[in-house]
> 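Attaching a single structure in structure tokens format; questions to follow.
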Amino acid sequence: MGERARLSAPVLRDMLVDEGTWESWDSPVESPASASDGDDDAYAEELARSRERTGSDESVITGSGVIGGHPVVMVISEFGFLGGSIGRAAGARIVTAVRRATHERLPLLALPASGGTRMQEGTAAFLQMVAITGSVTDHKAAGLPYLVYLRHPTTGGVFASWGSLGHITWAQPGALIGFLGPRVYEGLHGEPFPDDVQTAENLVRTTVVDDVVAPLDLRDRLSAVLRLLARRGDAVAPTDSIRVRARRTRSGEPDDTWACVRATREPERAGLVEFLAHGDSAPLSDAGPLRFSLSDFDGHVALVVGYDRTSQAAGELPGPRHLREARRALLTAGDLGLPVVTVIDTPGAELSVVAEEGGLAAQIARCTVQLISAPVPTVSVLLGQGAGGAALALFPADFRVARADAWLSPLPPEGASLIVHRDLDHAGEMASRQGILAGRMAAQGMIDVVVDAGSDDEAMSALRDSIARYLAASLVPDSEARTRVPTADAR
């Protein structure tokens, strides 16, 4: 199945749902709407031809099904029906389905493929976007998941409303996705729209879309996400013994700070990918320096926001757009009542003209504020390198755990050496003087648990175990813990 394949709504539905589980929620469409109160014979003929050609009575189908054993409500565009455009009947159908999903407390999956609102019905069709947006907003406010899969093509009012509101947003490979359709742009401006801008892949790079997922892979990705989301609220009640164990700290520090810094930079060192692989996890985004996943910590499902070592080693460092995406992820966690686990392992943020003009400093500040004020329990994991504002933006948390050789610093030690000594020769000395290692931070009350393990596997297991114990012990955010500062200088 190649890129930009235009799958009909029934074909895509049958690819996704467990066999025999689909239940249509669609009522028959009444007489066709038109742009005016009078008859519109041409429009009526278009509708009739579309119905005959597609076998569908409107540009969307709605209903409930089961994906991987988990129920979900689906709204699926039929692009073959007048370009998937949304008129009054289609809009009413979507709103009805969304409201029923909210009432029955079911996850909602939207799979749009549309040129936007239906021109033949004018403003009345255009305003359907407001009604649909309102119903989706109510669904999310009820703490229910809203998942979006953008198909080829998705443009106009559909993309500018319910197509852009997902807690998770994936897109079809090669899909044309954008606000202004390229044909309209060329007609208005007399030149074609620039290539490769309105593509799924570019929107992943610019963090508008979380990931590109092929239609054949979509069922498995959805199954994993729905499985973990279904476990929300199933946590075991805490006990006093768990609380004591979760708060236990280790404050020992290796002798050679500079050796620890170098160890965190080794290419083979375990990072975010290995951390997630040690538990039942489902990736939400799988590209770029900042990634998102759902992960189960012994029965407690959390949203993991973390830095990926491989992407950063290849030169793709976190910039303003990635921190904006992190803020959106924090909003999603708040909507769904999911604890947040941040994983810090970064040599620092992108330093460039583009980053400066994109408001890097402001995004670091706003991400920090949003994490401090998150309405759900938060855990930060200092896994390796923790340089500068990119690390700081993910550090405030109710509970903090770290590998023994992990570190947090305003700049990499080389940067500190340049500022103080105007050379790179004193990097090791500066690393030791600044007290950047996890053990020193634990001694000052900045880290709750330090994991000193003999191998990467042992470290990942121990970190996840500490997180699980904390989540079992505390389900209430702690604003004072998130903003704590050193209490003493332990050297």
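Hydrogens, waters and symmetry mates play no part in the numbers below; they use all other heavy atoms, side chains included. Sequential numbering from 1 along the given sequence is applied to the chain's residues.
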> For a 4.5 angstrom cut-off between non-hydrogen side-chain atoms, does Leu360 reach Leu323?
yes
> Around atom CD of Glu266, are there more than 12 heavy atoms from other residues, nucleotides or ligands closer than 6.0 Å?
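Result for CD/Glu266: enclosed.
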> Write down the atom of Ala333, the atom of Val340, and the distance for their closest heavy-atom approach.
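Closest approach of Ala333 to Val340, heavy atoms only: CB-CG2, 3.4 Å.
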> Can you find a pair of side-chain heavy atoms, one from Tyr307 and one from Leu317, that are under 4.5 Å apart?
no
> Please determine whether side-chain contact (heavy atoms from CB on, under 4.5 Å) holds for the pair Leu109 and Ile76, giving the CA-CA distance in whole Å, both sets of side-chain angles, and the decisive distance to 0.1 Å.
CA-CA 8 Å; Leu109 170 63; Ile76 314 175; over 6 Å; no
> Which atom pair, heavy atoms only, marks the closest approach of Asp456 to Glu268?
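Nearest pair, atom of Asp456 first, then Glu268: OD2-O, 4.0 Å.
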> Do His421 and Met430 pass the side-chain contact (heavy atoms from CB on, under 4.5 Å) test, and can you show the C-alpha distance, the side-chain angles, and the key distance before you say yes or no?
CA-CA 10 Å; His421 298 284; Met430 292 302 301; 3.9 Å; yes
> Less than 4.5 Å apart, any side-chain heavy atom of Val212 and any of Trp170?
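No, too far: nothing below the 4.5 Å cut-off.
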> Salt bridge (Lys or Arg N to Asp or Glu O under 4.0 Å) between Glu316 and Arg309: does it pass, once the steps are laid out?
CA-CA 10 Å; Glu316 190 177 3; Arg309 293 176 57 84; over 6 Å; no
> If you apply the rule side-chain contact (heavy atoms from CB on, under 4.5 Å), what do you find for Trp22 with Met74, and how did you get there?
CA-CA 10 Å; Trp22 176 256; Met74 300 168 68; 3.8 Å; yes
> In terms of the angle between their ring planes, are His139 and Tyr146 parallel, tilted or perpendicular, with boundaries placed at 30° and 60°?
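Perpendicular: the ring planes of His139 and Tyr146 meet at over 60°.
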> Tell me whether Thr257 contacts the main-chain N or O of Ala431 through its side chain, where contact means a donor paired with an acceptor under 3.5 Å.
no
> Closer than 3.5 angstrom, by distance alone: can the side chain of Thr346 be matched with the main-chain N or O of Gly386 as a donor-acceptor pair?
no
> Taking the basic N atoms (NZ, or NE/NH1/NH2) and the acidic carboxylate oxygens, is any pair closer than 4.0 Å for Arg482 and Asp478?
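The answer is no: the pair does not qualify as a salt bridge.
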> Is it true that Arg221 and Asp211 have a side-chain N and a carboxylate O under 4.0 angstrom from each other?
yes
> Report yes or no: does Gln385 contribute a side-chain atom to a donor-acceptor pair with the main-chain N or O of Ala391 at less than 3.5 Å?
no
> For the side chain of Thr368 and the backbone of Ile364, is there at least one donor-acceptor N/O pair under 3.5 Å apart?
yes
> Check step by step if side-chain contact (heavy atoms from CB on, under 4.5 Å) holds for Leu338 and Leu294.
CA-CA 9 Å; Leu338 291 168; Leu294 295 175; 3.8 Å; yes
> Do Gln172 and Arg151 have side-chain atoms, one donor and one acceptor, less than 3.5 Å apart?
no
> Verify whether the ring centers belonging to Phe159 and Phe179 lie closer than 6.0 Å.
no
> Counting N and O atoms only, with roles assigned by atom type, does the side chain of Ser466 sit under 3.5 Å from a partner on the main chain of Ala462, one being a donor and the other an acceptor?
yes
> Test salt bridge (Lys or Arg N to Asp or Glu O under 4.0 Å) on Arg219 and Asp18 and set out the steps.
CA-CA 10 Å; Arg219 174 182 161 82; Asp18 299 352; 2.7 Å; yes
> Is the shortest heavy-atom distance from the side chain of Thr154 to the side chain of Ser114 under 4.5 Å?
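Contact flag for Thr154/Ser114 side chains = no.
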> Ignoring hydrogens, what is the shortest heavy-atom contact between Val209 and Glu325? Give both atom names and the distance.
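Answer, listing the atom of Val209 first, then Glu325: O-OE2, 4.3 Å.
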> So which atom in Ala113 and which in Phe79 form the shortest heavy-atom distance, rounded to 0.1 Å?
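In this case the closest contact between Ala113 and Phe79 is O-CD1, 3.4 Å.
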> Does any N or O in the side chain of Arg440 come within less than 3.5 Å of the main-chain N or O of Gln434, such that one atom is a donor and the other an acceptor?
no
> Do Asp308 and Ser311 have side chains that get closer than 4.5 Å, going by heavy atoms?
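Of all side-chain heavy-atom pairs linking Ser311 with Asp308, at least one is under 4.5 Å.
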> Between Arg433 and Glu429, does the salt bridge (Lys or Arg N to Asp or Glu O under 4.0 Å) criterion hold? Intermediate values first, please.
CA-CA 6 Å; Arg433 284 176 56 188; Glu429 175 189 332; 3.6 Å; yes
> Do Thr264 and Trp407 pair up side chain to side chain, a donor and an acceptor below 3.5 Å, judged on atom types alone?
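Looking only at side-chain atoms, Trp407 and Thr264 do form a donor-acceptor pair, the distance falling under 3.5 Å.
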> Donor-acceptor pair, Arg105 side chain versus Ala142 backbone, under 3.5 Å?
yes
> How far does CZ of Phe395 sit from OG1 of Thr378, to the nearest 0.5 angstrom?
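So the CZ of Phe395 and the OG1 of Thr378 are separated by 11.0 Å.
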> Can you check whether Ala481's main-chain N or O pairs, donor with acceptor, with Arg484's side chain at less than 3.5 Å?
yes
> Would you say Ser295 and Asp280 are linked by a side-chain donor-acceptor pair, where the criterion is simply a distance under 3.5 Å?
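No, Ser295 and Asp280 have no side-chain donor paired with an acceptor closer than 3.5 Å.
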> Specify the closest pair of heavy atoms between Leu226 and Val72, including all atoms of both residues, with the distance to one decimal.
CD1-CB, 4.3 Å
> Has the side chain of Ser461 got a donor or acceptor atom that lies under 3.5 Å from a matching backbone atom of Asp457?
yes
> Could you report the tightest heavy-atom contact between Ala326 and Leu290, atom names first, then the distance?
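Answer, listing the atom of Ala326 first, then Leu290: CB-CD2, 3.6 Å.
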> Per the side-chain hydrogen bond (donor to acceptor under 3.5 Å, both in side chains) rule, which among Arg328, Arg291, His167 passes with Asp210?
Arg328
> Among Ile467, Val450, Leu383, which residue satisfies the side-chain contact (heavy atoms from CB on, under 4.5 Å) criterion with Val401?
Ile467
> Between Thr199 and Ile177, is any pair of side-chain heavy atoms under 4.5 Å apart?
no
> Is the side chain of His278 donor-acceptor paired with the backbone N or O of Glu274 at a distance under 3.5 Å, no angle test?
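Checked: pair present.
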> Can a donor-acceptor pair be found between the side chains of Arg321 and Gln363 at a distance below 3.5 Å?
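No pair is found: no donor N or O on one side chain lies under 3.5 Å from an acceptor on the other.
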> With a 4.5 Å cut-off on side-chain heavy atoms, are Thr342 and Val381 touching?
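They are not in contact (no side-chain heavy atoms under 4.5 Å apart), so the answer is no.
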> Met460 versus Leu463: any side-chain heavy-atom pair under 4.5 Å?
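They are in side-chain contact.
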